[in-house]
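Because the structure is predicted, anything quoted here is derived from the model rather than measured. In what follows, chains are A, B, ... by sequence order, proteins preceding strands, each numbered from 1.
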Number of protein chains: 2
Amino acid sequence: MTTAETRGESLSIGEVAERTGLSVHALRFYEREGLLVGPVRRTSGGRRRYTRVDVDWLLICVKLRESGMPLADLKRFAELVRQGPGNEAERLRLLDSHQQRVEAQIRALEECRSVIAWKVGVYAEHLARGQADGLWDPTV
Amino acid sequence: MTTAETRGESLSIGEVAERTGLSVHALRFYEREGLLVGPVRRTSGGRRRYTRVDVDWLLICVKLRESGMPLADLKRFAELVRQGPGNEAERLRLLDSHQQRVEAQIRALEECRSVIAWKVGVYAEHLARGQADGLWDPTV
DNA sequence: ACTTGATCTAGACCTCGCTCTAGATCCTAG
DNA sequence: CTAGGATCTAGAGCGAGGTCTAGATCAAGT
């Protein structure tokens, strides 16, 4: 059996899927869509071999996606990195504006949480009172 | 001009759209999908008239959706409410498990935020150093 | 050599959650 | 009375983000 450990460096698509949580389908899809920083190396037989750098990038991608960055932005970011040094300011703007969105999202979720918590409270209290109140219908 | 204020009670679909942030299309769609608690009243001419209760329910829906509850769950909840008293325990379970998901989401987002913040920091520092470092390429 | 499982490509297909269109009707201001 | 906008229904269409299929190839263990 040949694994990343025994071989030292590069990983198969399956191993990368395991490590990133993305499916092998998604990994191929991301590559087709130009979301990767460089072209993935191949074995003589045509199989993909991912390097540590590829995996690190993918792990970042996962975090950005998880927090709602659209694939289009991710693609733009990958393009900037591919172009090499010189556009760091734009990369920073991209990340920074995403960070704002994440903050906003967190605030929105916290508000939702409090609304839901209130509603959970209403129901919990009702159930605790048991049959003591026949006429309770919060249509909610 | 006839508005909710001049009329007193019920609202047109357009007014509800304004108040909930949902589009009129979405409102009709929600109704078709059975996401509302009761049938919406109509004028003699067939136009929808929403009551205060309808709007309150929609506002809850908006919060639940905003926090990622799938329409299917929302529909289930609406069904339970339509069925009337007796199933409060199930309603509570539904809300409660959604609340868990929201908490998890917030935690995940906070982790993303910290990863992004770190990356923003890396770029910001790099840019602050200006041209002082020709050989900097974090492939990131 | 053979079997088994992972991977390959190209492209079709899927779910979710709306959004939009067409063509008709309603209703209110002027 | 008329023009305008708001609303109606049924159903098609859309964008995002993958997921899945078919049919072929590769690679490892036995």
Report task. Tell me whether the OP1 or OP2 atom of D:dT7 has a side-chain N or O from B:Ser12 closer than 4.0 Å. Result ->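 Answer yes for this pair, as a side-chain N or O of B:Ser12 is under 4.0 Å from OP1 or OP2.
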
- Query: Reckon B:Thr43 has a side-chain N or O less than 4.0 Å from the OP1 or OP2 of C:dC26?
  - Reply: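 No, no such contact exists.
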
Reading nucleotides 9-24 of chain D from 5' to 3' and marking B where a protein heavy atom lies under 4.0 Å of the base, S where only the sugar-phosphate is that close, and - otherwise, the string is B-B-----SBBBB---

I'd like to know if the side chain of B:Asp54 reaches the main chain of B:Thr51, judged simply by a donor and an acceptor atom lying under 3.5 Å from each other, with no hydrogens or angles considered.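 Confirmed, B:Asp54 side chain pairs with B:Thr51 backbone.
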
Under 3.5 Å, is there a donor-acceptor pair between the side chain of A:Glu88 and the main chain of A:Gly86?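 Judged by distance alone, yes, a pair lies under 3.5 Å.
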
Between [atom2] of [N] and [atom1] of [X], the distance in whole Å:
X: B:Leu74; N: C:dC16; atom1: CG; atom2: P; answer: 14 Å
X: B:Arg49; N: D:dT7; atom1: CZ; atom2: P; answer: 9 Å
X: B:Leu11; N: D:dA6; atom1: CG; atom2: C1'; answer: 15 Å
X: B:Glu31; N: C:dT19; atom1: CD; atom2: C1'; answer: 17 Å

May I have the list of side-chain donor-acceptor pairs in residues 104-111 of chain A shorter than 3.5 Å, sequence neighbours left out?
unit_1: A:Gln105; atom_1: NE2; unit_2: A:Ser67; atom_2: O; d: 3.0
unit_1: A:Glu111; atom_1: OE2; unit_2: B:Lys63; atom_2: NZ; d: 3.1

Worksheet entry | CZ (A:Arg52) with more than 12 external heavy atoms under 6.0 Å | no

> Salt-bridged, B:Glu90 to B:Arg76, with N to O below 4.0 Å?
Replying inline: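 Yes.
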
Could you pull out every donor-acceptor pair under 3.5 Å between side chains of residues 22-32 of chain B and any protein atom, sequence neighbours left out?
unit_1: B:Ser23; atom_1: OG; unit_2: B:His25; atom_2: N; d: 3.4
unit_1: B:Ser23; atom_1: OG; unit_2: B:Ala26; atom_2: N; d: 2.9
unit_1: B:Glu31; atom_1: OE1; unit_2: B:Arg48; atom_2: NE; d: 2.6

